[in-house]
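A quick write-up on the structure given underneath.
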Amino acid sequence: MDLIRTEGQRMTAAQPSETTVGNMVRRVLKVIREEYGRLHGRSEESDQQESLHKLLTSGGLSEDFRTPYPSLRANVIEAINEMLIELEGTTDNIAMQALEHIHSNEVIMTIGYSRTVEAFLKEAARKRKFQVIVAECAPFCQGHEMAVRLSKENIETTVMSDAAIFAVMSRVNKVIIGTKTILANGALIAVSGTHTLALAAKHHSTPLIVCAPMFKLSPQFPNEEDSFHKFVSPQEVLPFTEGEILAKINVHCPVFDYVPPELITLFISNIGGNAPSYIYRLMSELYHPDDYEL
Amino acid sequence: PDNALEAQLRDDPDVSSAVAAIRALLGFLKQDRGETIQGLRNSLRDAIDTLSRVDSSVAVSSGGELFLRFISLTSLEYSDYSKCKEIMIERGEIFLRKVSLSRNKIAKLCHPFIRDGARILTHAYSRVVLRVLEAAVESKKRFSVYVTESQPDQAGQKMAKALRKLNIPVTVILDAAVGYIMEKVDLVLVGAEGVVESGGIINKIGSNQIAVCAKAQNKPFYVVAESFKFVRLFPLNQQDVPDRFKYKADTLKTGQNLTEEHPWIDYTSPSLITLLFTDLGVLTPSAVSDELIKLYL
């Protein structure tokens, strides 16, 4: 386990904004603990987590994983293979739930380009007729690519600028978005512009649905507002050709936005639909508390 | 047992009243001459009643309840009474040891949430909050603290004195000035005397006001509490909190007309709380009821 932990630390240090790397390392650590526990003869339930119950009844401190078991390695490899198969199927799993959430003649709004949302909408388009409004998500304008792909499937698509989000929101029935990461309190780290979209949706009481596979769930809390941010070259915002004013102003181009959990209605993941307040439970199923800090 | 409890509280002001209660009960258990589990439970219940007559706070009640639960769980595993008693005493010691470490665990979880240059608002005197701020100072963070004076016992002054010893710049404000100061603070950090099933907290009077102001100005409201403070109560409003918690034990004994008395605690609803820091981890208010169910299943 220490080996995996050190490798995990190296990988997350290389690219801190890609939280999925850390998440998968934590999942593997949990798998190892479970397999060890199974071989050790304990029951699989409840022994993993801290709880008041455990505080009262346990006789001493927790085990130390010292005992060697020959079949442990084979079991762990098998479990990891199962996890790989699950990962490959996540987008299909999410798309399968599309029909329950999208109804005919609805106006759906989304922002930027997300493969999960694209699959979700395409699956629904096979049986239902609806319209999609895509916010272009400046400055990279990935919304354009999303619109092109959706219209290839004969879905009526409209592209509009981010500034018009609030204006159009009153005509929208649902907002469906993807995200980069889901945090432990149910909040999102998503593309820049999502917070605006979420606030507009809240104001008009439009449901905000987030489609994201479970491997995006990260057991971190948003303790330092700026530690999650990734900034890229501000060339897209203000090109270097505008040389004169560049000396007098500061230009920033943040890639991600923080969306608080109160603005989100539903999370759709490969294991089904969940409310943001339930995220802590899903987290305890996927990761072990000792692994939250890699 | 009530003498033992008073002695405990006087000797070690740093320990929470719930821990002192559990220690007293453990001592009582060791001296008990009974022969049956049922007899033991009854005498323990009487002991807990006596303890609440000395100090009727929520913490003592939750500590006592937890101890009783602990006895029941242990007695289910072993049928032989004397062996059972040995195991109970052993586990009781382990429990006390774990519980004394809980404040440090919480401090470790909570201090990353305090940024450099943060302005924190806290309420009355809480040893857990003190420990958290101590940990933040140890990790070389600079911040300033506003403490409410917290009438009628001026507990805020005690807190301010302790903070000054740690070299933290602290300002004592009037309880009425909370709405005024809220725009200046970055986060609110309070302790709790009890955490109820809905995820809300019971804390010194004035906490609810602070929570409402914080919500109105979009400031995060963090609560730090050890896990033995979880109580099996579900108040729906302020009136639902039992009288025996609201008023001190002496006041209840004299049997005066309670409408003339000022309550010592109030209830803050879970919708106003952002996160709870406990030794079981960082929890959202909805996770609290889950934890309680796991215990009292």
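To find a chain, count down the sequence lines: A is the first, B the second, and so on, and within it residues start at 1.
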How many angstroms lie between atom CE of A:M283 and atom OG1 of B:T284, to the nearest 0.5 angstrom? 8.5 Å

Just wondering, do A:Y278 and B:S286 contact through their side chains at under 4.5 Å, heavy atoms? no

Within residues 199-207 of chain A, which positions have a heavy-atom distance to chain B below 4.5 Å? none

